[in-house]
Structures are given as structure tokens and as C-alpha cells.
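Here the structure is laid out as C-alpha cells; the discussion comes afterwards.
Just so it is clear, the values below take in all heavy atoms, side chains as well, and ignore hydrogens, waters and symmetry mates.
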Amino acid sequence: METKVLRQKLMNDFGKILKDESKLEILESVFDAIIKEKSASSISESHYLKVEESREKYLSGKQSGTSWEDFEEQLKVKYGF
């Protein structure tokens with residue numbers, strides 16, 4: 001759908017929603033969920049930094065990696081899957 005057409009459709013739809021109080025509450029819940037989803041993360045910032053450091057080492061050749069297949073095989077051997 002073209003951006004201008006989509007924008008106009010959304011403006012029309014929001015106009016209808018704003019007139020209906022019960023739909024306003026639903027819309028508010030949706031926006032709250034979107035905002036919460038963006039800000040809440042169960043992964044700490046320190047973990048992101050460790051991953052970034054490891055990736056930089058790998059890309060620079062200072063650290064080697066393992067293919068997913070090899071890693072999966074190691075897990076199977078270690079845990080008996």
C-alpha cells in the first residue's frame with residue numbers, strides 16, 4: 001500500500017477510534033504495550049557489551065568461532081540429546 005494512502009487510511013481510522021471511548025482504552029493499552037516492549041529487556045546491558053566485544057574479536061581475527069552444526073553436536077554429546 002502506498003504511504004500516502006496508508007497514512008490517510010490510518011488518520012480516518014484513528015478519527016473513528018477517538019470518538020469511541022471503549023476503543024480509546026484499547027488503543028491506549030496497545031500503545032502502552034509497544035512502549036513497554038521497547039524499553040523492557042530481560043537481557044542486561046553488560047551482556048550486550050560482552051557479545052559486542054566477542055563479535056569485534058571474531059571479526060578482527062583475534063578469536064575463532066564455531067559453526068552452528070559443530071556447536072549443536074557438542075551440546076548433544078555433552079547433554080546426551
Can you name the side-chain contact (heavy atoms from CB on, under 4.5 Å) partners of [X], sequence neighbours left out?
X	value
E56	E52
S67	E69, D70
L18	L24
E72	W68, K76

Identify whether V30 and L10 are in the same connected component of the hydrophobic contact network (ILVMFWY, side-chain heavy atoms under 4.5 Å).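 Yes, one cluster joins them.
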Please report the shortest heavy-atom distance between T66 and F71, naming the atom on each side.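 Here T66 and F71 meet closest at CG2-N, 3.7 Å.
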Listed partners of Q74 passing side chain to side chain donor-acceptor pair (under 3.5 Å), at least two apart: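 In terms of side chain to side chain donor-acceptor pair (under 3.5 Å), with neighbours along the sequence ignored, Q74 is linked to no residue.
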Please name all residues satisfying side chain to side chain donor-acceptor pair (under 3.5 Å) with S46, sequence neighbours left out, ordered by chain then number.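 S44.
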Between CD1 of I17 and OG of S22, what distance do you get to the nearest 0.5 Å?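 I17 CD1 to S22 OG: 10.0 Å, rounded to 0.5 Å.
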Interatomic distance, E2 atom CD to Q8 atom CD [nearest 0.5 angstrom]: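 The CD atom of E2 sits 12.5 Å away from the CD atom of Q8.
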Do any pairs count as a salt bridge (charged side-chain N to carboxylate O under 4.0 Å, His left out) and have a residue in residues 21-30, sequence neighbours left out, and if so which ones?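 Checked against salt bridge (charged side-chain N to carboxylate O under 4.0 Å, His left out) - neighbours excluded - the pairs reaching residues 21-30 are D20-K23.
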Does the side chain of K9 come within less than 4.5 Å of V5's, by heavy atoms?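 A side-chain contact under 4.5 Å is absent here.
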Those residues that, when tested against K57, pass salt bridge (charged side-chain N to carboxylate O under 4.0 Å, His left out) (two or more places apart):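 With neighbours one apart ignored, the set is empty.
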Other than L59, what residues sit in its cluster of Ile, Leu, Val, Met, Phe, Trp and Tyr side chains whose heavy atoms are under 4.5 Å apart, directly or through others?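 L59 shares its hydrophobic cluster with Y58.
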